[in-house]
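Atoms within each ligand, like the ligands themselves, are counted from 1 in listed order.
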Amino acid sequence: MQSLQELLKTHEQDIQAFAPADATELESYRIKYLGAKGIVKQVFGEMKNVPVEQKKDAGQLLNAFKQLAEAKYEAFAHLQSSNKKADKAVDMTLPGTPLPTGTRHPLRMVENQIISIFEKIGFSVATGPEIEDDWHNFTSLNMPEHHPARDMQDTFYVSQNPDWVLRTHTSSVQARIMEQGHLPVRVICPGRVYRNETISARAHCFFHQCEGLYIDKNVSFADLKQTLYYFVTEMFGPDTKVRFRPSYFPFTEPSAEMDISCTVCGGSGCSLCKHTGWVEILGCGMVHPNMLRNFGIDPEVYSGFAFGMGVERITQIKYQVNDLRLYSQNDIRFLKQFQSI
Ligand code: DAH
């Protein structure tokens with residue numbers, strides 16, 4: 001007990017005399033007295049050598065010592081905190097930390113490119129709903145119920161209403177525009193479409209299309225060809241060749257599909273063009289008279305052309321993306337590659 005008292009006394013004198021000048025001295029004090037291996041811990045360790053009958057007094061002495069050591073530290077704690085504040089002070093002259101910014105999605109970039117190419121020749125943008133009714137998605141487009149062409153587009157139906165579908169193509173927007181009855185019409189209709197397809201590298205249950213519609217007096221197939229030729233040379237470069245193949249769509253007559261010369265191999269044959277030198281990029285045709293009649297437009301007075309292209313397809317050709325799933329996986333390594341476009 002006595003040796004403990006003596007030990008504490010010398011430490012107490014040191015503590016009382018202690019007056020730190022800065023945070024470093026205060027920190028050395030903290031480590032020396034209050035740290036995990038500090039003196040306070042050590043002297044408490046002496047308790048085991050104190051005889052039982054003196055333990056109570058020894059406990060009081062030790063506690064008083066501990067409080068003294070702590071109080072001293074507290075008295076100078078402002079050194080610590082003021083120093084911390086200085087650490088946190090903002091130096092307004094330093095350059096800021098750059099935040100990485102996001103980029104547009106490649107499909108959106110290509111959609112914007114398509115829009116601006118058509119805007120230059122007087123097309124404006126029109127949109128329609130993704131949940132569509134049977135009339136706008138099929139029937140008014142000359143595809144009545146039981147028409148075999150409906151089979152080409154495996155459809156998602158909306159359970160709340162048997163008449164509703166997730167639109168299978170942006171041609172539904174054509175119907176909505178014609179219904180408004182403002183002629184002439186020159187619109188481009190970008191948007192998302194849905195089909196009940198198993199997801200793979202080549203098919204997806206949703207994708208994007210861009211529809212075009214032009215109705216006026218005296219619109220001819222030559223206008224259609226020239227408009228689309230203008231589009232591909234703007235999109236893929238002036239050397240791009242085009243060819244039209246006869247095709248069938250219920251809402252156009254005649255109908256065609258347009259191919260462009262392969263932008264990867266230039267025609268010599270590669271996997272993109274399946275060694276044919278040509279890649280298909282869109283469907284098109286002259287608006288079917290039945291469709292005009294469905295919206296009260298006289299086919300003897302007005303004629304028009306329409307076309308529909310897949311935005312994924314254009315992007316695939318332009319940037320050689322070989323797996324459709326990449327567009328919706330949100331993999332930053334893929335998305336970042338389009339930063340500079
Ligand atoms: N709607 C068609 C499809 O999804 C594409 C299409 C073909 C649109 C010919 C048109 C057109 O406007 O004239 O397969």
R104 CZ: over 12 foreign heavy atoms closer than 6.0 Å
no
Aromatic ring proximity F156/Y194, centre distance under 6.0 Å:
no
In the protein, which heavy atom is nearest to atom 12 (O) of ligand 1, and how far is it?
E211 OE2, 2.5 Å
Between F231 and F118, is the ring centre distance below 6.0 Å?
yes
Could you tell me whether ligand 1 has any atom less than 4.0 Å away from a heavy atom of R195?
yes
How does Q209 reach ligand 1, if at all, at less than 4.0 Å between non-hydrogen atoms: by side chain, backbone, both, or neither?
side chain
Find all atoms of ligand 1 within a distance of less than 4.0 Å from any non-hydrogen atom belonging to T252, and give their numbers and elements.
13 (O)
Below 4.0 angstrom from a heavy atom of Q174, which ligand 1 atoms are there? Numbered from 1 as shown, please.
12 (O)
Residues passing the ring-ring contact (aromatic ring centres under 6.0 Å, His included) test with H136, sequence neighbours excluded, are none
Please list, in number order, the atoms of ligand 1 under 4.0 Å from a heavy atom of G285.
13 (O)
Which ligand 1 atoms are under 4.0 Å away from a heavy-atom of G308?
6 (C), 8 (C), 10 (C), 12 (O)
Show me which atoms of ligand 1 lie under 4.0 Å from any heavy atom of F249.
7 (C), 9 (C)
SB check D154 R195 (cutoff 4.0 Å)
no
So, regarding T168 and ligand 1 (criterion: nitrogen or oxygen to nitrogen or oxygen, under 3.5 Å), is there a contact or not?
no
Protein heavy atom at shortest distance from atom 11 (C) of ligand 1
F251 CE1, 3.5 Å
Where's the contact between F305 and ligand 1, heavy-atom distance under 4.0 Å: side chain, backbone, both or neither?
neither
Proximity of F249 and H169 rings by center, below 6.0 Å:
no
Considering the heavy atoms of S171, write down every atom of ligand 1 situated less than 4.0 Å from one of them.
1 (N), 8 (C)
Residues in ring-ring contact (aromatic ring centres under 6.0 Å, His included) with F18, at least two apart?
Y29
Please confirm whether Q153 approaches ligand 1 to less than 4.0 Å, judged on its heavy atoms.
yes
Out of curiosity, F251 CZ to M291 CE, how far, rounded to the nearest 0.5 Å?
8.0 Å
Polar side chain donor-acceptor pair, T103 to R108, under 3.5 angstrom:
no
Would you say ligand 1 has an N or O under 3.5 Å from any N or O of A306?
yes
